[in-house]
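The block underneath contains the structure these notes are about, expressed in structure tokens.
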Amino acid sequence: MNKGGNPRKRPPPSYTRQPSPATKHQATAPTPLPQSTEEDFVDEDVFLDETLVGEEDVESLILRNLEEREALTFRLSKWARPPLSNAYISQSRSIVFQQLEIDYVIGESHEGLLPYSSGPAAIIRIFGVTGEGHSVCCLVHGFEPYFYINCPPGMGPDDISHFHQTLEDRMKEKNKNSRVPKFVRRIELVQKRSIMYYQQQKSQPFLKIVMALPTMVASCRGILDRGIQIDSIDLISHAPEGEFSKMAPFRILSFDIECAGRKVANLVTLQGEDQPLIRNVMTLNSCSPIVGVDVMSFDTEKEVFLAWREFIREVDPDIIIGYNICKFDLPYLIERAQTLGIAEFPILGRIRNSRAMQRDYKLSSYSLNSVSAHFLSEQKEDVHHSIISDLQNGNAETRRRLAVYCLKDAYLPQRLLDKLMYAYNYVEMARVTGVPISFLLSRGQSIKVLSQLLRKSKQKNLVIPNVKRAGSEQGTYEGATVLEAKAGFYEKPIATLDFASLYPSIMMAYNLCYCTLVTPEDVRRLNLPPECVNRTPSGETFVKPNLQKGILPEILEDANSVYGFTGATVGQLPCLEISSSVTSYGRQMIEHTKKLVEDKFTVLGGYEHNAEVIYGDTDSVMVQFGVSDVEAAMNLGREAAEHISGTSTKPIKLEFEKVYYPYLLISKKRYAGLFWTNPKKDIPGAVQYVKNTISDLLMNRMDLSLFVITKGLTKTGDDYEVKAAHVELAERMRKRDAATAPNVGDRVPYVIIKAAKGAKAYERSEDPIYVLENNIPIDPQYYLENQISKPLLRIFEPILKNASKELLHGSHTRSISISTPSNSGIMKFAKKQLSCIGCKALISNADQTLCLHCKGREAEHYYKTVSQVSELEELFGRLWTQCQECQAGIVQYFTEGRKHRKIW
DNA sequence: TACGGCCCCTAA
DNA sequence: TGAGTTAGGGGCCGTA
């Protein structure tokens, strides 16, 4: 517990500065604390600290009406975490919590706990939640970063102390200004074995070098090792079994803002609950009540911001989610707060001096909308900014409508999280791989493999070498075999046979691992009997499990990106002997499969037809058994799969997957097929469809969005060796407006426009929005010739005679192309006239909306008009939602009269 | 016009 | 300073 006593009480304001108005203010309207609890041996004050408020900002904190402020504080206080029970406060019980995050800070070595060290030390912070919903920050002292080196032969205790002194001196030299009293804490002689290569001896001497700070090891690997023993206090890491496999009730905050409307909607859900614990919305200006929602209205934007900050502090969420919040909402809020001069706003974190959301985690932000459309059959309804302004500037009722939109959009990410069980998946993944949850979101695949490798190695007393940055000269090896594709349109069923998880199975079947690999010297020197080793098709030697069981095969039982890990020459522990052995076995398997199938399923062998493998890639083969009957093909497929599985080493298994019927094989990696449930391909219908579409294309009857090509901008303009359409466009856009131009990593949408004959494609690429705004004609011919014709012919040539003539040169291609629509038509002859809203009679007075006849029925017509507007708005909302489905939400258009407008 | 090479994307 | 892999098709530029 906090040494100050009851941690629920805010410690008295302890300003180091002179008394200021803020002191008084904060004393009269104290902000309750988030219910953070701390472990016994924690002495760091993690509470949000009032000294964050600078002198110059103090005035601004005082709201015009102190009562209002108090009312808000009272209102927010009901959302605080549950109060701590006496058992916690009296320190009489141990604290069990689920870890959510872990990091470390550099702090002062703990005198009480670590009486024999001093100076800066790494303090590990474990953030978590207890079963009752209390927030925990556990500070672990005594963590010591270390690494191993091979012990030079013949080194004794005296040599070690000498070595220690030398090392210490060198460190001091390098860090003259450091106040660290001792860099190398100690050096121990230990017995370990390297994970690299099969070794007959069980262990050999290593030196364990323990450093004062992790930065000194130049590696963060040490952080992952937990379970540090501290005098008299055990920090126990429970295996996630039984009681400890449960999920703590994390507080998940899902929020959304409607920026022009200055609204924030917040939903807080406890992990495991169906319904949000808190639903509220904070609005600028009045807002009509919403059932089941706490509506809070403020007079100034600043008050909204501060209220939201207070809310975050009070609720103390463990996880913050939202639609694109890292890229939009949070940066917007922080920037806007700066503009408004609310310096204290960005401090949303739990730890003083740490800013809100420094790490932005992405949860497939790219396609969240399509994902939510898919899984929830509803989408985020971004309200167009012009509508936002209108609704905001209306009355309490229109602002209420805006608030409802906002709430709905805040709810969506929460429901998605539930539906896809992200929380469970990430927690389970973290448990399996042994990395913090944040790593799963912010780091790559390889950290998971490395973490498991470290964990297993520790159990087995193995150490992992720190490989130097690999030179780029080595690093490639042969990959998988892709069987020659016998291109054609197959009108008999094609059976597909797949190896289930081929690469992991190979690693398990042949015990491929760092620690089972035999060096070429040892192959000669040790003269291991053939029955104890496997020689891989790529020429490497690995011992069988009876001599040494591999660690990688063990890990594979839990996770499967191990193959890529071993082949990552820029990674932490590449071992191309393993990766090339894996692919070599894979190549052997697929060739073997092809041969076996074609040898066994023959007329000579008693079957109706000779089977033919028409294609295969990496781990699959496509077989034409020659039978016309789908059922027969399936049976033969099963038979073949079983036969081949029987000849392979366990757990390698070939499975019968499916039957394609018919099947169109264009080339390697290019095929299409229909499952047997759809037995017919309507060729005349397909031809007609293609003809109609081409005609529409040439007649300009297509929506511009269908012409948008999108390519990724992978590097800056200068680094491209050749000119490419999307790169050139990005450069042109940068000249037009650097702020909105695509950056490296963005995807660049473009269309190809008409231009002088001979102009290169990269000169004709244009921003779709620019094209719409300036009525620039696109070039249908380009799309027909460069984008459509070749793939079309590849598909149709095997199934249609004279495909090119029929599809690309038929009468349907001779339609006259109409250029972009203009205002030159009949409307030029029309004249605008005012008419009565009620009866459409012409009226001459420009100030009037009703004719004399309708006068007196204003209320009726007003009501009618209002409901029409509301209907149209509703329609707009739905159109907008639908609109977002195409083009992955990049650029959308709608027409308003004849004028094109863009929405983004 | 043919062809090598860059670039992007996808299969597995 | 953090990063799974190779095979292969195809668009299109630049050059012979």
Side-chain angles (χ1 to χ4, degrees), chain A residues 214-215 217-221 433 435 439 442-450 452-453 466-470 472 475-485 487 496 498-504 506-507 538 552 555 559-576 578-584 586-587 589-590 615-622 657 665-672 709-715 717 719-728 745 747-748 750 752 758-765 782-783 785-791 793-794:
Chain A
T215 45
V217 185
S219 159
C220 70
R221 282 179 298 181
T433 59
V435 301
F439 279 28
S442 63
R443 312 257 314 246
Q445 295 292 316
S446 69
I447 189 70
K448 294 192 273 188
V449 180
L450 183 66
Q452 289 181 93
L453 217 45
N466 189 19
V467 282
K468 292 167 201 82
R469 283 280 140 264
S472 53
T476 55
Y477 57 93
E478 194 180 341
T481 293
V482 182
L483 297 180
E484 215 43 61
T496 308
D498 272 41
F499 283 102
S501 308
L502 180 64
Y503 286 0
I506 287 175
M507 295 176 99
S538 60
L552 289 183
I555 289 176
N560 66 18
S561 56
V562 170
Y563 156 72
F565 179 87
T566 65
T569 46
V570 286
Q572 293 95 334
L573 197 61
C575 183
L576 300 194
I578 297 175
S579 26
S580 61
S581 292
V582 171
T583 55
S584 70
R587 293 191 296 275
M589 293 305 307
I590 198 167
Y615 179 55
D617 185 346
T618 310
D619 61 352
S620 65
V621 289
M622 314 291 188
E657 272 258 315
L665 181 56
I666 293 163
S667 66
K668 289 181 175 184
K669 313 256 184 202
R670 294 278 189 284
Y671 64 83
I709 301 167
T710 306
K711 290 223 169 112
L713 197 59
T714 53
K715 43 193 170 185
D719 291 343
Y720 281 96
E721 300 284 338
V722 291
K723 292 173 193 297
H726 65 298
V727 183
E728 295 294 304
R747 295 177 62 77
V748 186
Y750 64 90
I752 298 295
K760 303 283 186 195
Y762 65 79
E763 295 168 318
R764 294 192 283 148
S765 57
Y782 171 87
Y783 287 89
E785 287 167 13
N786 296 56
Q787 299 284 324
I788 299 172
S789 70
K790 279 183 187 166
L793 291 181
R794 278 197 294 270

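Sequence lines set the chain letters: A, B, ... in the order given, protein chains first and strands last, and positions in each chain run from 1. Side-chain atoms are counted along with the backbone in the values below, which use heavy atoms only and exclude waters and symmetry mates.
- Between A:His726 and A:Tyr750, the angle of the ring planes stays under 30°, which puts this pair in the parallel group of the 30/60° scheme.
- One atom, CG of A:Leu453, and another, C1' of C:dG4, lie 14 Å apart when rounded to the nearest Å.
- If you check every strand for non-hydrogen atoms under 4.0 Å, A:Thr714 touches sugar and phosphate atoms only.
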Original post:
Does the pair A:Leu552 and A:Phe565 meet the rule for a side-chain contact (heavy atoms from CB on, under 4.5 Å), with working shown?
Top reply: CA-CA 11 Å; A:Leu552 289 183; A:Phe565 179 87; 5.7 Å; no
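- No option in A:Glu484, A:Lys669, A:Arg670 other than A:Lys669 meets the side-chain contact (heavy atoms from CB on, under 4.5 Å) test with A:Tyr615.
- Only the P atoms considered, C:dG4 is 22 Å distant from B:dA12, to the nearest whole Å.
- Taking the ring axis of A:Tyr720 as reference, the NZ or CZ atom of A:Lys715 stays within 45° of it and closer than 6.0 Å to the ring centre.
- Here A:Arg587 pairs with A:Glu478, A:Thr583 under the side-chain hydrogen bond (donor to acceptor under 3.5 Å, both in side chains) rule; sequence neighbours left out.
- Shown here is A:Lys790, whose NZ atom has no more than 12 heavy atoms of other residues, nucleotides or ligands within 6.0 Å.
- Counting non-hydrogen atoms under 4.0 angstrom, A:Lys448 reaches nothing in the nucleic acid.
- At the phosphate of C:dT6, neither OP1 nor OP2 sits under 4.0 Å from any side-chain N or O atom of A:Thr583.
- For the pair A:Arg443 CZ and C:dT1 C1', the computed distance is 9 Å after rounding to whole Å.
- Applying the ring pair (Phe, Tyr, Trp, His ring centres under 6.0 Å) rule to A:Tyr671 yields the partners A:Tyr663; only residues at least two apart in sequence or on another chain are considered.
- Between A:Asp619 atom CG and C:dT5 atom P the separation is 19 Å, expressed in whole Å.
- In this structure, A:Tyr671 does not reach the B:dA11 phosphate: none of its side-chain N or O atoms is under 4.0 Å from OP1 or OP2.
- Note on A:Tyr503: nothing from the nucleic acid sits closer than 4.0 angstrom, heavy atoms only.
- Atom pair A:Ile506:CD1 and C:dT5:C1' shows a separation of 14 Å (rounding to whole Å applied).
- The distance from atom CD of A:Gln572 to atom P of C:dG2 is 10 Å, rounded to the nearest whole Å.
- Counting to the nearest Å, the C1' atom of B:dC8 and the CG atom of A:Asp719 are 16 Å from each other.
- Using a 4.0 Å heavy-atom criterion, one finds that A:Ser579 contacts no nucleic acid atom at all.
- One interatomic measurement links the two molecules: CZ of A:Arg587 to C1' of C:dA7, which rounds to 12 Å at whole-angstrom precision.
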**OP:** Summarise protein proximity over nucleotides 8-14 of chain C in one line of letters, 5' to 3': B for base, S for sugar-phosphate only, - for none, counting protein heavy atoms closer than 4.0 Å.
**Re:** SBSSSSS
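- Rounded to an integer number of Å, the gap from CD1 of A:Ile447 to C1' of C:dG2 is 9 Å.
- Between A:Thr618 and the phosphate of C:dT6, there is no side-chain N or O to OP1/OP2 separation shorter than 4.0 Å.
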